[in-house]
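Input: a single structure, listed below in structure tokens.
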Amino acid sequence: MKALVLAGGSGTRLRPLTHTSAKQLVPVANKPILFYVLEGIAEAGVTDVGIVVGDTAEEIRAAVGDGSRFGISVTYIPQHQPLGLAHAVRTARAWLGEDDFVMYLGDNFLLGGISAQLEEFRVRRPAAQIMLTRVPNPSAFGVATLDDTGRVRVLEEKPEFPKSDLALVGVYFFTPVVHAAVDAIQPSARGELEITDAIQWLLDQNLPVTSSTVDGYWKDTGNATDMLEVNRSVLESLAPRCAGAVDDESELVGRVVIEEGAVIVRSRIVGPAVVGRGTRVEGSYIGPFTSVGEDCTIADSEIEYSIVLAGTAIDGVRRIEASMIGRQVQVTPAPRSPQAHRLILGDHSKVQIRS
């Protein structure tokens, strides 16, 4: 059994953060999403892992290395253009050989791992096994329609008028017969080889495709709103821990993690929250569901329900909430006079200013 992890997308929905960073490495609770994926694969007992990489290959390699830190062995598979999930399978064909494999999207977060689903696949060994979950906006996903007995009948990719609310979770199990399906399909109207079309081809050939419904927490972390929601979910499971320095004038309330080398001075932190290594918080309030990365400075400021990446400084700002702030950012008060806004923004930024 092998695992194929897709980490080659460009992350357009997370720009401008992903102009300079791989979307799979954007952290929640100060750990990249991709690391949760690799830990889940290792926990399920799969150790031979291929990671499909694109333009951000060097950053992915630097973060993951040979995989030994996760208890796996990693092979990197270059994909020159992200032309669909089925195209990624075609790209990895030589490495996959004739082995069964699980394909896991590197920007998906699935609470509880995949061990139970993997064992079910090993026992039943259908041509393909998919995971489904009910969503309020199925037209944004691949959608499955089941018959009265619960068997998979039809799959559609991002249909305008979905026939059900069952979305495909970004984890798929395949036997080698999927390669014939990938070779048989044509690019969709989007110009991509869709994995839903490949699975539909298997169904049309009367090959067994099974499904299970995910009752636990799952998110496709494709945009900032979903990243903040996943961050909230992970932080809720934290056990409080203080490995840094907290002075007597500071207060830690609830599930708060202070990493080694962090310094908290005259501040109040209400959990769940995490403050990264080497970060200094002074005269500030950090509210629930906030992750502050390593080597940051937060002074005379208030922030909650937010993600702050490494090396950022926030000084004299009230109040920040529901925000994602990238690496090495400086956030300071605007000059009071003249009354004008001075902006330096990356492509596809979104700014809300009170007139």
Side-chain angles (χ1 to χ4, degrees), residues 10-35 56 59 63 107 109 219 221-235 238 244 256-259 261-264 267-335 341-354:
S10 56
T12 54
R13 290 180 293 163
L14 273 172
R15 287 176 178 169
L17 285 176
T18 50
H19 277 307
T20 55
S21 178
K23 66 175 179 176
Q24 298 83 7
L25 296 181
V26 176
V28 293
N30 285 2
K31 183 164 67 175
I33 283 286
L34 180 60
F35 288 12
T56 58
E59 189 183 9
D107 60 353
F109 181 84
K219 275 288 183 184
T221 59
N223 58 49
T225 300
D226 288 337
M227 288 293 300
L228 291 170
E229 173 61 19
V230 171
N231 191 62
R232 180 200 62 76
S233 177
V234 175
L235 288 176
L238 287 181
V256 176
V257 173
I258 307 297
E259 298 284 5
V263 177
I264 313 299
S267 297
R268 188 168 191 259
I269 302 178
V270 178
V274 57
V275 177
R277 293 172 179 268
T279 285
R280 182 177 181 86
V281 180
E282 185 169 353
S284 296
Y285 167 77
I286 296 178
F289 310 120
T290 302
S291 298
V292 181
E294 61 186 19
D295 299 323
C296 293
T297 299
I298 298 182
D300 192 28
S301 299
E302 300 177 2
I303 184 170
E304 69 177 33
Y305 193 64
S306 295
I307 297 173
V308 181
L309 274 60
T312 283
I314 302 173
D315 191 349
V317 179
R318 319 206 183 277
R319 162 153 179 154
I320 298 172
E321 61 182 31
S323 299
M324 286 189 67
I325 302 174
R327 297 172 178 83
Q328 305 294 329
V329 171
Q330 292 187 348
V331 183
T332 59
H341 302 292
R342 182 173 183 267
L343 306 175
I344 301 174
L345 302 173
D347 296 347
H348 307 286
S349 294
K350 179 179 179 181
V351 179
Q352 293 176 315
I353 298 174
R354 177 176 292 177

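Not measured: the values here are computed from a predicted model.
The two residues Thr279 and Cys296 have their closest heavy-atom pair at OG1-N, 2.9 Å. Closest of all the heavy-atom pairs between Ala299 and Ser284 is C-OG, 3.3 Å. Summarising the geometry of Arg327 relative to Thr312, their closest heavy-atom pair is C-OG1, 3.8 Å, with the distance given to 0.1 Å. Considering every non-hydrogen atom in both Leu228 and Ser306, the closest pair reads CD2-CA, 3.9 Å. Taking all atoms of both residues into account, the shortest heavy-atom contact from Leu235 to Pro272 is O-CB, 3.2 Å. Among all heavy-atom pairs drawn from Ile258 and Ile269, the shortest one is CD1-CD1, 4.0 Å.
The salt bridge (Lys or Arg N to Asp or Glu O under 4.0 Å) analysis of residues 306-320, with sequence neighbours excluded, yields the pairs Asp300-Arg318, Glu302-Arg318, Glu302-Arg319, Glu304-Arg319. The list of salt bridge (Lys or Arg N to Asp or Glu O under 4.0 Å) pairs with a residue in residues 282-291, not counting sequence neighbours, reads Arg266-Glu282, Arg280-Glu282.
The line from CE of Met227 to CD1 of Ile33 is 5.0 Å long, rounded to the nearest 0.5 Å.
Considering only residues two or more places apart in sequence or on other chains, Phe35 meets the ring pair (Phe, Tyr, Trp, His ring centres under 6.0 Å) condition with Phe70. Shown here are the side chain to side chain contact (heavy atoms under 4.5 Å, CB included) partners of Arg268, two or more places apart in sequence or in another chain: Glu251, Val253, Val270, Tyr285. Under the salt bridge (Lys or Arg N to Asp or Glu O under 4.0 Å) criterion, Arg232 pairs with Glu229, Glu236, sequence neighbours left out. Residues passing the side chain to side chain donor-acceptor pair (under 3.5 Å) test with Ser291, sequence neighbours excluded: Asn231.
The side-chain contact (heavy atoms from CB on, under 4.5 Å) test with Val331 singles out one residue from Val308, Ile314, Ile303, and that residue is Ile314.
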Going through the distances and angles, do Val274 and Glu259 end up as a side chain to side chain contact (heavy atoms under 4.5 Å, CB included)? CA-CA 8 Å; Val274 57; Glu259 298 284 5; 4.2 Å; yes
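Considering only heavy atoms from C-beta on, Met324 comes within 4.5 Å of Val26 through its side chain. Two residues are said to be in side-chain contact when any heavy atoms from C-beta on lie closer than 4.5 Å; Ile286 and Ile264 fail this criterion.
Listed for the Ser301 side chain is a donor-acceptor partner under 3.5 Å among the backbone atoms of Val317.
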